[in-house]
Amino acid sequence: MLKIILPMFTATSIIVVLVIVFAVKPKGDPPTSATSTENLKKQTLPADLPKLAFTPKRSGQDGPGFDKVSTQCQTAGRYIGQGGYVRESQAEAVKLMEVIEQFSQSRTPQRGFADRFMNGRDLYDPELKQNLEIVVSALNLHVKAMIEEGKYDSAQEAAGACFALGHALFNDNTRLMPRRTGLLLMRVSLQNYINAANAERAAGRMDADAYQLAKSSTQPWFDAILAIETVWAKKLESINNPKPNVGDLVRVADKDEDLSFRVFAVRRLGLARFERGDSSNQSAINSAIESALSNDQPMIREAAESAQSLTVEQFRKVNR
């Protein structure tokens, strides 16, 4: 009798264990509030923002590009070496400055002028991120130097040129890196303009009405830029880290209304292949990449091909 009961008990135990294992099998990361429907909407600057007094005029009858940007970039170039960056990074930053100059000299801002320069590189490219930061820092130092020298009109003109560049980076490109840089440059330029106005007002060279107009016209821009940066930062905090939330990453790759984020998230899936080893998340990652490979958007297909072909050696070189 004992011999009969024991095998039955063992079989039952095995079944129970299998049921428990199946029940606790990972189901993959559930999406979070970071990728709510509201946060997946396309973030744009409102059309009714006030006109800025320092926006540079276009020169010539044919409407060529922003005529002050090139001059400001040439002058700002001498500040690149002050950031303590290695010689190679300085050289790359100078190349970026040349791209900015080429943009400024064109008749109209061309769609994707920064996208093409970046050749598909995105937020997880630390070298590119540093180079863009060098350029923004150089432009920023250039304006601050003029404020310290009491050249308030020149400082405001330079702030306007930098703002125009930031606006074009944000509006006329798709890749996330130049668009985020554009938001940063607009915000820095607005602050520099207000700093120049504060200094000019303190020196008694700006009347109260002009000062109040400067402040009231820039504040809505500050608010609009901050609103976009806040939503973008929340999504990026979830999907752009060494162990991303796969549920959020897939939602952004598949459902974000902003093509910039979809392209970035699809490329980011390539890194996630090596970061999230559990089977459920791997299945979700591979399905999202497969879906993106047949997308109607060429940039999404390109990003999917990059994600699928990423090797473990390339992954190990990524430094976020």
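What you are looking at is a predicted structure, and each value in this text was computed from that prediction instead of being measured.
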Distance (rounded to the nearest 0.5 Å) between Asn39 CG and Thr230 OG1: 10.0 Å
Pairs touching residues 196-216 that satisfy side-chain hydrogen bond (donor to acceptor under 3.5 Å, both in side chains), sequence neighbours left out: Gln156-Glu200, Asn198-Tyr211
Nearest-0.5 Å distance that lies between atom CG in Leu52 and atom CZ in Phe163: 5.0 Å
Atom of Pro220, atom of Ser217 and distance for their closest heavy-atom approach: CD-O, 3.6 Å
Criterion side chain to side chain donor-acceptor pair (under 3.5 Å) on Asp248 and Thr32, from CA distance to verdict: CA-CA 6 Å; Asp248 284 340; Thr32 70; 2.7 Å; yes
Stepwise side chain to side chain contact (heavy atoms under 4.5 Å, CB included) check, Val143 with Tyr193: CA-CA 9 Å; Val143 178; Tyr193 176 72; over 6 Å; no
Ring pair (Phe, Tyr, Trp, His ring centres under 6.0 Å) pairs, two or more places apart, involving residues 267-286: Phe274-Phe315
Any donor-acceptor pair under 3.5 Å from Asn173 side chain to Arg175 backbone: no
Residues Val263, Leu176; criterion side chain to side chain contact (heavy atoms under 4.5 Å, CB included); working and verdict: CA-CA 8 Å; Val263 170; Leu176 201 52; over 6 Å; no
Gly247 backbone acceptor or donor facing Asp29 side chain under 3.5 Å: no
Test item: Asn245 side-chain N/O and Pro30 main-chain N/O as donor-acceptor pair under 3.5 Å: yes
Side chain Ser287, main chain Ser283, donor-acceptor under 3.5 Å: yes
Tyr152 versus Ala199, closest heavy-atom pair with distance: CE2-CB, 3.5 Å
From CA spacing to verdict: side chain to side chain donor-acceptor pair (under 3.5 Å), Gln191, Asn195: CA-CA 6 Å; Gln191 188 59 60; Asn195 290 344; 3.0 Å; yes
Nearest heavy-atom neighbours spanning Gly28 and Asn281: CA-OD1, 3.3 Å
Spatial distance of atom CG (Leu40) from atom NZ (Lys255) [nearest 0.5 Å]: 9.0 Å
Check against side chain to side chain donor-acceptor pair (under 3.5 Å), Gln219 and Asp223: CA-CA 6 Å; Gln219 190 58 51; Asp223 295 341; 2.9 Å; yes
Straight-line distance of Ile239 CD1 to Phe264 CZ, nearest 0.5 Å: 5.0 Å
Test salt bridge (Lys or Arg N to Asp or Glu O under 4.0 Å) applied to Asp256 and Arg262, Lys41, Arg268, Lys235, the passing residue: Lys235
Sequence neighbours excluded, every pair satisfying ring pair (Phe, Tyr, Trp, His ring centres under 6.0 Å) that has a member inside residues 173-192: none
Whether Phe170 and Trp232 hold their rings parallel, tilted or perpendicular, with breakpoints at 30° and 60°: tilted
Cluster check Leu213, Ile194: I/L/V/M/F/W/Y, side chain < 4.5 angstrom: no
Residue of the set Asp258, Asn171, Asp172 for which side-chain hydrogen bond (donor to acceptor under 3.5 Å, both in side chains) holds with Arg179: Asp258
Interatomic distance, Lys234 atom NZ to Ser33 atom OG [nearest 0.5 angstrom]: 3.5 Å
Main-chain N/O of Thr174 paired to Ser260 side chain as donor or acceptor, under 3.5 Å: yes
Any donor-acceptor N/O pair, Arg251 side chain to Thr35 backbone, under 3.5 Å: yes
Residue pair Leu190, Ile225: steps toward the side chain to side chain contact (heavy atoms under 4.5 Å, CB included) verdict: CA-CA 11 Å; Leu190 289 170; Ile225 291 168; 3.8 Å; yes
Any donor-acceptor N/O pair, Gln282 side chain to Arg273 backbone, under 3.5 Å: yes
Backbone N/O of Glu302 and side chain of Ser306: donor-acceptor pair under 3.5 Å: no
Cluster link Met146 to Met206, ILVMFWY, side chain under 4.5 Å: no
Shortest non-hydrogen contact between Ala265 and Val252, atoms and distance: CB-CG1, 3.6 Å
Side-chain (Arg267) to main-chain (Ala307) donor-acceptor, under 3.5 angstrom: no
Other residues, nucleotides, ligands: >12 heavy atoms within 6.0 Å of Glu237 CD: no
Linked, directly or transitively: Leu45 and Leu226 (ILVMFWY side chains, under 4.5 Å): no
Atom pair CZ/OG1 of Arg187 and Thr218 - distance to nearest 0.5 Å: 13.5 Å
